[in-house]
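For clarity, every value in this text was computed on a predicted model and none was experimentally measured.
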Amino acid sequence: MTQQYTPDLPEDEPVIQTIKPTVSAYLLRYVLWIGMLVALHYADLLGETASERIFQTFASLIVFMGIEAWLIGEPFYWFKALRRRWYLTPYRLHIGNPQVFDVIDLYDIDSIGIWMFWGVRLYARDGTVHKFDYTWTPRKLRDQILDARARAKELE
């Protein structure tokens with residue numbers, strides 16, 4: 001059994017929260033796709049024979065994934081997004097997959113926006129944007145980061 005990765009941090013900077021995406025929030029998009037297929041089936045738009053229906057089902061999946069890649073701007077983004085981790089500490093936000101590759105001081109966070117109903121966009125003062133998708137509670141996540149930022153300002 002492998003041990004959960006945690007970043008190497010100074011002792012006065014413990015990890016308050018490890019933020020991970022949820023697979024169920026990711027799978028919601030496929031529930032929507034299946035709902036669309038059922039609607040197309042009952043509208044008799046998938047074809048009349050079994051082979052036509054199978055072909056149209058796969059074609060609709062390809063179209064669905066193409067629209068998704070166009071909306072997100074990156075094909076197969078989900079593969080990277082489901083591995084993403086944010087480690088919130090009293091002073092910084094460590095971003096990794098799961099190893100840390102970027103660190104943002106909390107006072108460098110300009111704003112945090114909600115994207116669709118499953119994602120968070122963190123805007124830093126230097127203009128960079130960090131995406132965290134597939135969470136059921138993006139507003140709660142935003143509030144936790146902003147609360148930690150307010151506490152960090154009080155500690156200065």
| said: Which heavy atom of Phe132 sits nearest to which heavy atom of Pro21, and what is that distance? | reply: CZ-N, 3.4 Å
| message | If you compare all heavy atoms of Pro138 against all heavy atoms of Gly119, which two are closest, and at what distance to 0.1 Å? | response | CB-O, 3.6 Å
| message | Over 60° means perpendicular and under 30° means parallel, so tell me whether Tyr134 and Trp118 are parallel, tilted or perpendicular. | response | parallel
| said: Quick one, Val103 with Ile95, criterion side chain to side chain contact (heavy atoms under 4.5 Å, CB included). Give me CA distance, side-chain angles, the key distance, then yes/no. | reply: CA-CA 6 Å; Val103 178; Ile95 299 173; over 6 Å; no
Sequence-distant partners of [X], side-chain hydrogen bond (donor to acceptor under 3.5 Å, both in side chains), two or more places apart:
{"X": "Asp12", "value": "none"}
{"X": "Ser60", "value": "Trp33"}
{"X": "Thr135", "value": "none"}

Hey, what do you get for [atom1] ([X]) to [atom2] ([Y]), rounding to the nearest 0.5 Å?
{"X": "Leu106", "Y": "Leu93", "atom1": "CG", "atom2": "CG", "value": "6.5 Å"}
{"X": "Leu122", "Y": "Ile109", "atom1": "CG", "atom2": "CD1", "value": "4.5 Å"}
{"X": "Asp126", "Y": "Asp110", "atom1": "CG", "atom2": "CG", "value": "10.0 Å"}
{"X": "Ile114", "Y": "Arg121", "atom1": "CD1", "atom2": "CZ", "value": "10.0 Å"}
{"X": "Tyr123", "Y": "Thr128", "atom1": "OH", "atom2": "OG1", "value": "11.0 Å"}
{"X": "Asp102", "Y": "Asn97", "atom1": "CG", "atom2": "CG", "value": "11.0 Å"}

| request: Kindly indicate, with the supporting measurements, whether the criterion side chain to side chain contact (heavy atoms under 4.5 Å, CB included) is fulfilled by Ile19 and Arg85. | output: CA-CA 6 Å; Ile19 304 161; Arg85 302 288 184 270; over 6 Å; no
| task | Determine yes or no for a side-chain-to-main-chain donor-acceptor pair under 3.5 angstrom, with Gln56 supplying the side chain and Arg53 the backbone. | result | no
| field | Residues forming a salt bridge (charged side-chain N to carboxylate O under 4.0 Å, His left out) with Glu13, sequence neighbours excluded | value | Arg92
| message | Would Trp86 and Thr18 count as a side chain to side chain contact (heavy atoms under 4.5 Å, CB included) here? Give the steps. | response | CA-CA 6 Å; Trp86 283 9; Thr18 299; over 6 Å; no
| request: Please assess Asp133 against Val120 for the test side chain to side chain contact (heavy atoms under 4.5 Å, CB included), listing each intermediate value before the final yes or no. | output: CA-CA 6 Å; Asp133 291 323; Val120 173; over 6 Å; no
| said: Can you pull out every side chain to side chain donor-acceptor pair (under 3.5 Å) where at least one residue sits in residues 137-150? Sequence neighbours excluded, please. | reply: Gln17-Gln144
| said: For Phe58, is the CZ atom crowded, meaning more than 12 foreign heavy atoms sit under 6.0 Å from it? | reply: no
| query | To which residues is Phe55 joined in a hydrophobic cluster, defined by side-chain heavy-atom contacts under 4.5 Å among Ile, Leu, Val, Met, Phe, Trp and Tyr, whether direct or through other members? | reply | none
| field | Side-chain heavy-atom pair Val15, Leu88 within 4.5 angstrom cut-off | value | no
| query | Do Arg151 and Ile16 come close enough that some side-chain heavy atom pair is under 4.5 Å? | reply | yes
